[in-house]
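Have a look at the structure below, then the notes.
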There are 2 protein chains.
Amino acid sequence: MTQTKQRNGADAKAEKRERLIRSTMKCIANQGMSSVTMASVTQDAGVSMGLANLHFKSKEGLLNETLAYVHDQYVSGLERIASKQQNSPADHLLEQVKWDFSSKVANRELLAVWFAFWGEAKSRPTYRQVCSERDSLMTDRVQQLCQQLIDEGDYPGYDAEDIAIGLCCLIEGLWLDMLIAPQKVSRERAHRVAVNYLATNFPKHISRASK
Amino acid sequence: MTQTKQRNGADAKAEKRERLIRSTMKCIANQGMSSVTMASVTQDAGVSMGLANLHFKSKEGLLNETLAYVHDQYVSGLERIASKQQNSPADHLLEQVKWDFSSKVANRELLAVWFAFWGEAKSRPTYRQVCSERDSLMTDRVQQLCQQLIDEGDYPGYDAEDIAIGLCCLIEGLWLDMLIAPQKVSRERAHRVAVNYLATNFPKHISRASK
DNA sequence: AAAAAATGAATGAACGTTCATTTACTTGAA
DNA sequence: TTCAAGTAAATGAACGTTCATTCATTTTTT
């Protein structure tokens, strides 16, 4: 008897939900968003076709919940890093960057899912809203930290928002290249490039060798 | 009688081809890749459904040719900038960045098309190959220019490839934010952020005010 | 007149959704 | 504890729709 069968109803329901979402992610990564079908998702999850509609009402619902799932995962990572007492804004930034290129975040399946939704964002306001919210949460926090560094050090002519947007966009662009050209842009290289960005902007606080 | 009808056969054929591709781009941007249909594309182009299959053999063929079309457009832009006699590597880089955030390149319809293909790239080797080729052409050129600046100036510990990848990824990430959050990342801001990246890395060659 | 370009209705495969039915779990009285 | 009644979860075949593709026919160009 599997562990599944020993759970009670509520847990089983939640587990099926998550299993369907994880299968959706796998299908998006392996087949592409435009080839995802309810049949392939439910088959991968090992459940009947009807169940997906029972839990998510429709395919659209399943995709919306999948985006919400990866969104929440990322946001809770942000929160977790912020809640840890950091030694300094610089360390906080470095922790953030380190996490953004950890295997939890920057693995190709998850990146493929993000880019699949980004690729549809222009024509789907629902997707765009969730994606831009993730973007704001990340940028706003980074901007605060950059502002602290600017205030501490002597960095004339620096605009915290521009620098924050630069870091966040650099990270997203590095993710793209990890997806498209993984042999050229490895996780290590991507991380190094992002740290270099910080080191070049804040030489008094962060060195190129930082990890 | 329209201009179309006055052309000869070969020109008319080429024009229909391009019109179908442009309609495909419009449909990808407006409806999303996963909602593009042969019916919507041919209706937008004002031709019969059969014609698309006549010219492109299949929907897959039409999408492949659409990607090739935007690829060729970008690459010829690269070539054009490179063929112009530039005063210096720094000017060349600035010209490149300026073009990357011109309305020709960084308009939301075209960006939506790029991200639609990027979003499917993991599961479609054909797309990935074309996309990574564009990436290489861009990065290689930027890397050469960065190397020239490093050789000219005194920039200890600089790795041209890392800096080049940084610039290219920053540009791509800025494109993403222009697509997802255009009210936050305008064309002007994106351009400024990219120039700042160059100015911060090469302070002896490029100033923040550069355009 | 011959060749090329273009049409669009017809075809059949693929897909999302539904719902009558079955299976599994929970509850509470004996 | 036991068991029956009630509730929730899950099934999957059937249905109707959508879509890409085809091809006999028409229109346009050479």
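As the structure is a prediction and not an experimental result, all values here were calculated from the model. Below, chain A is the first sequence line, B the second, and so on; all start at residue 1.
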Atom-pair distance ([atom1] on [X]; [atom2] on [N]), nearest Å:
| X | N | atom1 | atom2 | value |
| --- | --- | --- | --- | --- |
| A/Arg17 | D/dA8 | CZ | C1' | 16 Å |
| B/Met49 | D/dT22 | CE | C1' | 10 Å |
| B/Leu54 | D/dA20 | CG | C1' | 15 Å |
| A/Leu51 | C/dT22 | CG | C1' | 14 Å |

### Message
Applying a 4.0 Å non-hydrogen cut-off, can you work out what A/Val36 is touching in the nucleic acid: base, sugar-phosphate, or nothing?
### Response
sugar-phosphate
From the list [options], which nucleotide is the closest neighbour of the side chain of [X]?
| X | options | value |
| --- | --- | --- |
| A/Asn53 | C/dT17, C/dA5, D/dT21 | C/dT17 |
| B/Ser48 | D/dA10, C/dA6, C/dC15 | C/dA6 |
| A/Val47 | D/dT11, C/dA5, C/dA6 | D/dT11 |
| A/Lys16 | D/dT21, D/dA10, C/dA6 | D/dA10 |
| A/Met38 | D/dA9, D/dA20, C/dG16 | C/dG16 |

### Task
Fit a plane to each ring of A/Phe117 and A/Tyr127, take the angle between them on a 0 to 90° scale, and name the class: parallel (under 30°), tilted (30 to 60°) or perpendicular (over 60°).
perpendicular
### Query
Parallel, tilted or perpendicular: which describes the rings of B/Tyr74 and B/Trp175, with under 30° parallel and over 60° perpendicular?
perpendicular
### Query
How many angstroms lie between OG1 in A/Thr126 and CD in A/Glu120, if you round to the nearest 0.5 Å?
12.0 Å
### Query
Under 4.0 Å between a Lys/Arg side-chain N and an Asp/Glu carboxylate O for A/Lys26 and A/Glu109?
no
### Query
Taking only N and O in the side chain of A/His55, is any of them less than 4.0 Å away from OP1 or OP2 of D/dA10?
yes
